[in-house]
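All remarks here apply to the structure that follows.
For clarity, every value in this text was computed on a predicted model and none was experimentally measured.
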Amino acid sequence: MKKILLIVMLFCSYLSTQAHVGEHKNNQMSSKTWYFQDKTMATEGYFLFTKDEQVFIENKEGMVQSFEINKLSWMDKNYVNRRMAEIENINKKITSFPQKSNFDYTFIYFLGLGLILLFLRKSNPMPYLRYSFVAFACVFYACKTEVVDTATTTTTTGGTTATTTNPTTLDASYSVFKSNVTTRSDNTYYYIESNGLPTHNMMVGITNWQQQVPIPQNYTGTNAWSIPLKPELATSPLSTKTNFMKGAIAIAANGIPIFNPLNNRGEDSYVIGELDQWGGHCGKADDYHYHIPPLHLESQMNNKPIAWALDGYAVYGSKEADGTTMQTLDAYHGHSIGTGVYHYHGNLTYPYMIGSMRGKVSLDPNTTAPENQILPQALTTPIRPAGSPLNGAIITTFASTGTNSYNLEYTVSSKKASISYSWDNAKKYTFIFTGTDGKVTTGTYQGK
């Protein structure tokens, strides 16, 4: 009889350990706005499934609509591909038991143990208690299989939660692009140096252009980007809807700054066509930066953060750190699920990455909301006067034409035009502008 009871107890413990391990349920099924390639809105609703190159969407009225995937915007096509990959991954997994918290299973275990001891009250319960503690150790070990960032420590003092991040944790992200990024650290910050130019292509697909082009930036030395190594959760997080419309709010793993998705006029940069196929464009200093999370980097990151916010917290892509599907996000577009440390996630619906800056930040006293910015903030140095909007322009081609040399082609009312530019080792820039009328003008500018 004792052996039978022991087997039952261990089997129950085995079930609880197995129920804990596996794919977490995906609760991130929020409605999103879908766009065509010309930036016109297709519909607003929930992704259902794809079939025969069509995506099926349930709109807000509960009606199912279908659209050709190839006619959707590049971001929405990417979203569809990711959703299908997630579904395929889930279908490959066999989950025998519903997911419960560690507390649920511990409670169930000891409830069962109590009932067994109740029936055995006339016998000596000590052997069974020993068996139970062995089984409980198995349960506890299984519960520890969650991904926890062992390179961080978290303390709470007076209601303030602070985290100390080991620089090696950030190295895991930025070392993926070590050919393009240089890093270092001290006791306060992790520093990221780059020239501000990504290894991927740029500019193609912009339909709302202010005639800026990407040139190198001096994000080095005292002008490097700085990520705090001792982030603290803010008591009143500042919303990105009403703050930070100037400067970066995060730095991507490839060394490119990420700005607020809202431009300095409060408009969604992606929705109004200001961004290229990689989610970026150039500012007034010809500085390339993203305005939405660079989800295209995710395939290279192996579940590491795709960026780090300037409050010191990581930004993951569509998956958790253990590779499972992203869990429900809080009002700030993040959570502490999986790693045990607060982090953000990027996706393809507004606010895209950071709804509010969850950590404490220092604000530039010379700026005011909504055009305030976080300090420290790397500076850009313009080499020429800022451009102005060119109505109807669509950038069709951007390509390197040699060392330190690029060519950008665009159309206005189906008429072609271009900008060719290059620079030498003395930072002298030469621009050749060819208008839609075929007229060619040249400009030279001296960088610092």
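Side-chain N/O atoms of Y290 and N254 include a donor and acceptor closer than 3.5 Å. Side-chain contact, Y190 with T165: no donor N or O sits under 3.5 Å from an acceptor N or O. Using modelled atom types and a 3.5 Å distance limit, the side chains of D364 and Q373 yield a donor-acceptor pair.
With contacts defined as side-chain heavy-atom distances shorter than 4.5 Å, the pair L390/Y410 qualifies. At least one side-chain heavy atom of V361 sits less than 4.5 Å from a side-chain heavy atom of L363. I395 is not listed as a side-chain neighbour of D276, based on a closest heavy-atom distance of 4.5 Å or more. Residues E320 and H345 meet the side-chain proximity criterion, which asks for heavy atoms closer than 4.5 Å.
The OG1 atom of T199 sits 6.0 Å away from atom CG of N180, with the distance rounded to the nearest 0.5 Å. Atoms CG and CE, from N372 and M245 in turn, are 9.0 Å apart once rounded to the nearest 0.5 Å. Note that CG of N201 is 9.0 Å distant from OH of Y406, once rounded to the nearest 0.5 Å. Remark: T368 OG1 to K246 NZ distance equals 9.5 Å, nearest 0.5 Å. Residue E58 holds its CD atom at 5.5 Å from CG of L48, rounded to the nearest 0.5 Å. The distance from atom OH of Y219 to atom CG of L379, rounded to the nearest 0.5 Å, is 9.0 Å.
Ring centroid separation for the pair Y344 and Y342 comes in under the 6.0 Å cut-off. Taking the six-membered ring where the residue is Trp, the centroids of Y313 and H343 are separated by 6.0 Å or more. Aromatic rings of F67 and F36 (six-membered ring for Trp) have centroids within the 6.0 Å cut-off, being under it.
By the 6.0 Å contact criterion, CG on D186 is enclosed, its count of non-hydrogen atoms from other residues, nucleotides or ligands being greater than 12.
Under the side chain to side chain contact (heavy atoms under 4.5 Å, CB included) rule, M353 has a single partner from L295, I249, N260, which is I249. Paired with L275 under the rule side chain to side chain contact (heavy atoms under 4.5 Å, CB included), one option of D268, T207, I292, N208 passes, and it is I292.
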Could you check D286 against R384 for salt bridge (charged side-chain N to carboxylate O under 4.0 Å, His left out), going step by step and ending with a plain yes or no?
CA-CA 9 Å; D286 290 318; R384 62 187 184 121; 2.8 Å; yes

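A cation-pi arrangement is absent between K427 and W423 under the rule of less than 6.0 angstrom and at most 45 degrees off the ring axis.
Here E193 pairs with R184 in a salt bridge; the nearest charged N to carboxylate O distance falls below 4.0 Å.
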